[in-house]
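As structure tokens, the structure follows; a few thoughts come after it.
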Amino acid sequence: MKQQPYILAIESSCDDTSAAVLHGNRLMSNIVASQKVHEEYGGVVPELASRAHQQNIVPTVNHALKVANIKPQELDAIAFTNGPGLMGSLLVGTSFAKSLSLALDIPLIPVHHMHAHILAHLIDGAHEAPITFPFLCLTVSGGHTQLVQVDGPKQMTVLGETIDDAVGEAFDKAAKILGLPYPGGPMIDKLAAEGDANFLTFAKPNLPAYDFSFSGLKTSFLYTLQQKVKDHPNFVAEHLNDICASYQKALIDALMIKVKKAAKDTGIQNFAIAGGVSANSALRKELKTWGAKHKLSIFVPPFEYTTDNAAMIGIAGYYNYLAGENAPLSTGAQAKIKF
Ligand code: KG4
Ligand code: ZN
């Protein structure tokens with residue numbers, strides 16, 4: 001049997017520059033250089049993101065190779081995110097991956113960023129008992145909100161997705177309204193832990209089937225606060241924890257309605273979450289409670305695989321490699337790309 005491949009993976013789709021080395025499905029290193037430059041702007045500035053990727057990419061790759069104790073000549077393939085994402089950011093990782101694959105004369109493997117978030121669950125040791133197919137996956141990040149049926153590493157069907165904002169975006173925009181730093185999700189999570197989730201209520205999204213909508217909730221949040229502040233100028237400062245807890249509950253409720261419906265309709269017993277928002281402690285707790293009640297297996301990823309990272313690109317690249325999916329050197333980055 002052929003030896004398992006050594007794969008170098010590169011992720012640069014948004015504001016994290018990351019490189020990882022995998023030996024088959026086993027992770028040997030996973031280095032993430034996060035970009036602090038966006039904090040003062042309250043969101044990712046694409047032009048600054050691509051510049052920072054340009055500065056970070058070589059040291060990040062060198063660091064990943066060093067931690068894995070692998071020489072470039074020992075690599076069997078280079079996997080990279082070819083989309084979706086910010087064009088300028090994607091181009092840095094794509095160009096780097098293409099150059100290295102040309103220099104080392106090894107295959108170049110394009111990876112879909114959203115497939116990768118899901119496949120992070122298949123990294124060796126991600127769970128005590130490995131996840132089995134089929135499973136449902138709620139992928140929740142700053143750019144996407146999707147409910148996906150996963151029948152195999154290469155067999156995935158989107159059951160539903162957001163028709164407007166992503167849930168991470170809904171966290172981040174509310175945080176901005178509250179004057180909290182970017183990214184807002186982790187901050188709201190922390191503040192909400194000390195708050196009363198029933199303090200405020202917001203307009204609930206009401207879409208059929210498995211699709212999501214968060215823009216109405218965000219608007220309801222803004223109008224509710226504007227009204228309260230008109231009557232009590234110190235309302236936000238005095239009730240910050242309760243405001244965060246109530247809004248977070250509204251977002252999680254909107255997700256859970258669809259999660260429960262999909263599990264009921266499909267009868268699938270394994271349920272996973274992925275993406276940056278899967279780091280949210282209240283969402284994790286809610287899913288675990290629901291799973292225990294209905295005897296479902298809930299797969300919550302280790303924190304290092306929630307926000308953007310190259311380990312997930314590596315595992316998705318591994319399955320593409322096994323399927324013989326190589327890209328020619330003429331391949332390009334794609335800001336929008338079919339699931
Ligand atoms: O997957 P990710 O790193 O990047 C994208 O592909 O978008 O997700 C980033 C998103 C941000 O919106 C951030 O606020 C959110 O994940 N996030 C969280 C938490 N940690 C990160 N949202 C809620 N609670 C958290 N603990
Ligand atoms: Zn992501």
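Just follow the structure's listing: the first ligand is 1, and inside any ligand the first atom is 1.
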Practice problem: Can you sort out which atoms of ligand 1 are near Ser141, meaning under 4.0 Å from one of its heavy atoms? | Solution: 1 (O), 5 (C), 6 (O), 7 (O), 8 (O)
Practice problem: Check whether any N or O atom of Gly276, backbone or side chain, sits under 3.5 Å from an N or O atom of ligand 1, and answer yes or no. | Solution: yes
Self-check item: Where ligand 1 meets His113 - atom numbers and elements under 4.0 angstrom, heavy-atom basis
Solution: 6 (O)
Practice problem: Give yes if a backbone or side-chain nitrogen or oxygen of Asn280 is under 3.5 Å from a nitrogen or oxygen of ligand 1, and no if not. | Solution: yes
Quiz item: With a 4.0 Å cut-off on heavy atoms, is Cys14 touching ligand 1?
Solution: no
Quiz item: Taking atom types as modelled and ignoring hydrogens, do the side chains of Ser213 and Asp164 form a donor-acceptor contact shorter than 3.5 angstrom?
Solution: yes
Quiz item: Ser18 and Asp308: side-chain donor and acceptor closer than 3.5 Å?
Solution: no
Quiz item: Would you say His144 reaches the Zn ion (ligand 2) with an N/O/S atom under 2.8 Å?
Solution: no
Practice problem: Compute the shortest N/O to N/O distance between Asp16 and ligand 1 and return yes if it is under 3.5 Å, no if not. | Solution: no
Practice problem: Give a yes or no answer on whether the side chain of Ser13 reaches the backbone of Gly85 with a donor-acceptor pair at less than 3.5 Å. | Solution: no
Quiz item: Where is the nearest protein heavy atom to atom 7 (O) of ligand 1: which residue, which atom, and how far?
Solution: Gly142 N, 2.8 Å
Exercise. May I ask whether His144 has any heavy atom positioned less than 4.0 angstrom from an atom of ligand 1?
Key: no
Practice problem: Ignoring hydrogens, just give me the one of Val277, Asp308, Asn309, Asp15 whose non-hydrogen atom is nearest atom 3 (O) of ligand 1. | Solution: Asp308
Practice problem: Would you check if the side chain of Asp242 reaches a backbone N or O of Gly195 as a donor-acceptor pair within less than 3.5 Å? | Solution: no
Practice problem: Could you tell me whether some N/O pair between Pro183 and ligand 1 is separated by less than 3.5 angstrom? | Solution: no
Self-check item: Contact atoms of ligand 1, heavy-atom distance to Gly143 under 4.0 Å
Solution: 7 (O)
Practice problem: Answer yes or no: is there a side-chain heavy-atom contact under 4.5 Å between Ile131 and Leu122? | Solution: yes
Exercise. State whether the shortest distance between N or O atoms of Gly185 and N or O atoms of ligand 1 falls below 3.5 angstrom.
Key: yes
Quiz item: Side chain of Lys98, backbone of Leu329: donor and acceptor closer than 3.5 Å?
Solution: yes
Exercise. Answer yes if the ring centres of Tyr305 and Phe303 are under 6.0 angstrom apart, and no otherwise.
Key: no
Self-check item: Under 2.8 Å: N/O/S of Cys14 next to the Zn ion (ligand 2)
Solution: no
Self-check item: Protein contact to atom 26 (N) of ligand 1 [nearest heavy atom, distance to 0.1 Å]
Solution: Asp189 OD2, 2.9 Å
Quiz item: So, does His117 sit close enough to ligand 1 that a heavy atom of it is under 4.0 Å from the ligand?
Solution: yes
Quiz item: Between Asn234 and His239, is any side-chain donor less than 3.5 angstrom from a side-chain acceptor?
Solution: no
Quiz item: Is any NZ, NE, NH1 or NH2 atom of the basic residue among Asp253 and Lys249 found under 4.0 Å from an Asp or Glu carboxylate oxygen of the other?
Solution: yes
Self-check item: Glu169-ligand 1 polar pair, N/O distance under 3.5 Å
Solution: no
Quiz item: Quick check: does Thr307 get an N/O under 3.5 Å from an N/O on ligand 1?
Solution: no
Quiz item: Counting only heavy atoms not in Phe339, do more than 12 fall under 6.0 Å of its CZ?
Solution: yes
Self-check item: Phe214, Phe221, Tyr223 screened by ring pair (Phe, Tyr, Trp, His ring centres under 6.0 Å) with Phe202, the one that passes
Solution: Phe221
Exercise. Show which atoms of ligand 1 fall inside a sub-4.0 Å distance from at least one heavy-atom site of Gly168.
Key: 12 (O)
Quiz prompt | Metal site angle (apex the Zn ion (ligand 2)), OD1 from Asp308 and NE2 from His117, 10 degrees | solution = 100°
Quiz item: Can any side-chain N or O of Asp211 pair as donor or acceptor with the backbone N or O of Glu161 at less than 3.5 Å?
Solution: yes
Quiz item: If you measure only the distance, is there a donor-acceptor pair under 3.5 Å linking the side chains of Thr81 and Glu11?
Solution: yes
Exercise. May I ask you to identify the nearest protein heavy atom to atom 14 (O) of ligand 1, giving residue, atom name and distance to one decimal place in Å?
Key: Asp172 OD1, 2.6 Å
